[in-house]
Peer 1: 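Starting off with a structure, shown below.
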Amino acid sequence: MSIISIILVLIIAFFAGLEGILDQFQFHQPIISCTLIGLVTGHLTAGIILGGTIQMMALGWANIGAAVAPDAALAGVAAAIIMVQSNNFDTTGITVAFSTAIPLSVAGLFLTMIVRTISVGLVHGADAEAKKGNFAGLERFHFVALLLQGIRIVIPAFALIMVPTQTVQNALEAMPAWLTDGMAIGGGMVVAVGYALVINMMASREVWPFFAIGFALAAVSSLTLISLGAIGVALALIYINLSKMGGNGNSTSGGSGSTDPIGDILNDY
């Protein structure tokens with residue numbers, strides 16, 4: 001990797017760490033971070049494939065209460081760097097890089113714990129500045145906390161970049177076939193589980209028909225991803241327009257409401 005590529009990769013890693021908290025531009029999503037790293041290193045296609053694969057796994061990751069989900073930002077950035085360092089951009093290289101994303105994302109929770117522990121002290125400092133009415137000092141504590149989130153991803157990213165390319169290649173070549181094949185199978189199962197978790201959360205009588213249509217259309221080999229996306233957008237627009245016209249029980253005539261009481265309340269406003 002050239003010096004310019006290293007700097008750009010570290011900048012992407014920094015913004016991925018920030019977006020893990022801000023969620024403004026979604027740089028922490030693997031499909032974004034891997035694609036950008038692939039772009040700045042000259043391997044855009046491999047970056048998109050790797051990011052899309054990890055994204056399918058990360059779809060089911062969510063923070064629930066005190067349970068923190070694996071670190072999607074570190075998973076995408078680290079896996080992309082490993083793929084670039086291995087200099088292997090075929091199916092095998094992408095599979096191995098993807099498989100490393102799972103343990104790295106779990107290991108990233110340790111860095112998250114450290115940053116959040118430090119943030120406790122920053123919160124107390126911000127409270128002190130707020131009592132003084134010092135808004136500039138209050139903002140400084142906020143910016144320091146965000147800076148730590150970016151550094152949380154930059155440090156492991158830099159450590160991976162500093163590993164010689166030949167060392168990474170030798171390590172991957174030394175892996176036996178049964179291990180690489182097992183990682184590929186296990187990675188595919190994790191993707192399926194992540195997608196199943198999302199379906200389980202979104203499943204309802206209204207969306208199951210769309211899932212069935214998409215499942216059937218995906219089997220048509222003559223349809224490209226662009227055409228499938230166009231069909232999906234068209235179906236979504238049709239559904240939205242029919243809902244506004246009174247579909248899905250949204251009509252208030254006859255005293256019959258929908259099965260979504262929250263939606264009924266929001267519609268009244």
Side-chain angles (χ1 to χ4, degrees), residues 1-20 25-59 61 70-105 107-108 150-175 177 179-188 190-191 194-195 224-226 228-229:
M1 235 189 288
S2 65
I3 299 297
I4 296 178
S5 295
I6 292 175
I7 295 174
L8 292 175
V9 168
L10 293 179
I11 292 175
I12 295 170
F14 180 77
F15 279 105
L18 293 183
E19 286 299 301
F25 300 103
Q26 301 296 313
F27 283 113
H28 66 295
Q29 298 293 349
I31 185 63
I32 303 298
S33 59
C34 291
T35 299
L36 291 176
I37 291 177
L39 176 64
V40 300
T41 57
H43 307 287
L44 179 59
T45 302
I48 294 175
I49 296 174
L50 176 63
T53 306
I54 300 176
Q55 189 68 54
M56 291 296 294
M57 174 182 65
L59 284 174
W61 291 353
D71 194 341
L74 182 59
V77 171
I81 293 175
I82 291 174
M83 180 188 68
V84 174
Q85 290 289 81
S86 67
N87 201 29
N88 187 356
F89 306 101
D90 57 11
T91 304
T92 303
I94 294 174
T95 299
V96 173
F98 160 73
S99 302
T100 60
I102 302 173
L104 288 174
S105 62
I151 295 175
R152 173 179 61 89
I153 306 299
V154 170
I155 291 178
F158 182 74
L160 289 172
I161 291 175
M162 288 299 100
V163 177
T165 302
Q166 191 61 42
T167 302
V168 177
Q169 292 177 356
N170 293 337
L172 295 179
E173 290 174 358
M175 296 173 61
L179 180 57
T180 56
D181 293 343
M183 293 172 68
I185 296 173
V190 172
V191 171
Y195 195 56
T224 63
L225 290 178
I226 296 177
L228 287 174

Peer 1: Kindly give the heavy-atom pair with the smallest separation between I151 and P156, and that separation in Å.
Peer 2: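 So the minimum-distance heavy-atom pair works out to O-CD, 4.4 Å.
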Peer 1: To the nearest 0.5 angstrom, please state how far the CG atom of L74 sits from the CG atom of L160.
Peer 2: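 Taking CG in L74 and CG in L160, the distance rounds to 8.0 Å.
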Peer 1: If you apply the rule side-chain contact (heavy atoms from CB on, under 4.5 Å), what do you find for S86 with V96, and how did you get there?
Peer 2: CA-CA 10 Å; S86 67; V96 173; over 6 Å; no
Peer 1: Roughly how far apart are I161 CD1 and I82 CD1, rounded to 0.5 Å?
Peer 2: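 Interatomic distance, I161 CD1 to I82 CD1, rounded to 0.5 Å: 11.5 Å.
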Peer 1: Please round to the nearest 0.5 Å and tell me the distance separating atom CD1 of I48 and atom CD1 of I32.
Peer 2: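 Taking CD1 in I48 and CD1 in I32, the distance rounds to 10.0 Å.
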Peer 1: If you round to the nearest 0.5 Å, how far is CG of L44 from CD1 of I49?
Peer 2: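 Output value for this atom pair is 10.0 Å.
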Peer 1: For residues I12 and S33, report the shortest heavy-atom separation together with the two atoms involved.
Peer 2: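 Taking I12 first and S33 second, the nearest heavy atoms are CG2-O, 4.2 Å.
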Peer 1: Which heavy atom in G51 sits nearest to a heavy atom in C34, and how many Å separate them?
Peer 2: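 That closest heavy-atom pairing would be CA-CB, 3.5 Å.
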Peer 1: Keeping S5 on the side-chain end and V40 on the backbone end, is there a donor-acceptor pair under 3.5 Å?
Peer 2: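 A pair under 3.5 Å: yes.
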Peer 1: Return the orientation label for the H43 and F89 ring planes: parallel under 30°, perpendicular over 60°, tilted otherwise.
Peer 2: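 Ring orientation, 0 to 90° scale: parallel.
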Peer 1: After noting the C-alpha distance and the side-chain angles of T224 and L228, does the key distance pass the side-chain contact (heavy atoms from CB on, under 4.5 Å) rule?
Peer 2: CA-CA 6 Å; T224 63; L228 287 174; over 6 Å; no
Peer 1: Please report the interatomic distance CD(E19) to CZ(F14), rounded to the nearest 0.5 Å.
Peer 2: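 The CZ atom of F14 is 11.0 Å from CD of E19, to the nearest 0.5 Å.
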Peer 1: Would you name the heavy atoms of I94 and M83 that are closest together and state the gap between them?
Peer 2: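 For I94 versus M83, the nearest heavy atoms are CG1-SD, 4.0 Å.
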Peer 1: Minimum heavy-atom separation for A75 and I54, please, with both atom names.
Peer 2: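 Minimum heavy-atom separation between A75 and I54: O-CD1, 4.1 Å.
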Peer 1: Give, for atom CZ of F27 and atom CG of L18, the distance between the pair rounded to the nearest 0.5 Å.
Peer 2: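 With rounding to 0.5 Å, CZ (F27) is 10.0 Å from CG (L18).
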Peer 1: Can Q29 and Q55 be counted as having a side-chain donor-acceptor contact under 3.5 angstrom?
Peer 2: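 Present: a donor and an acceptor within the cut-off.
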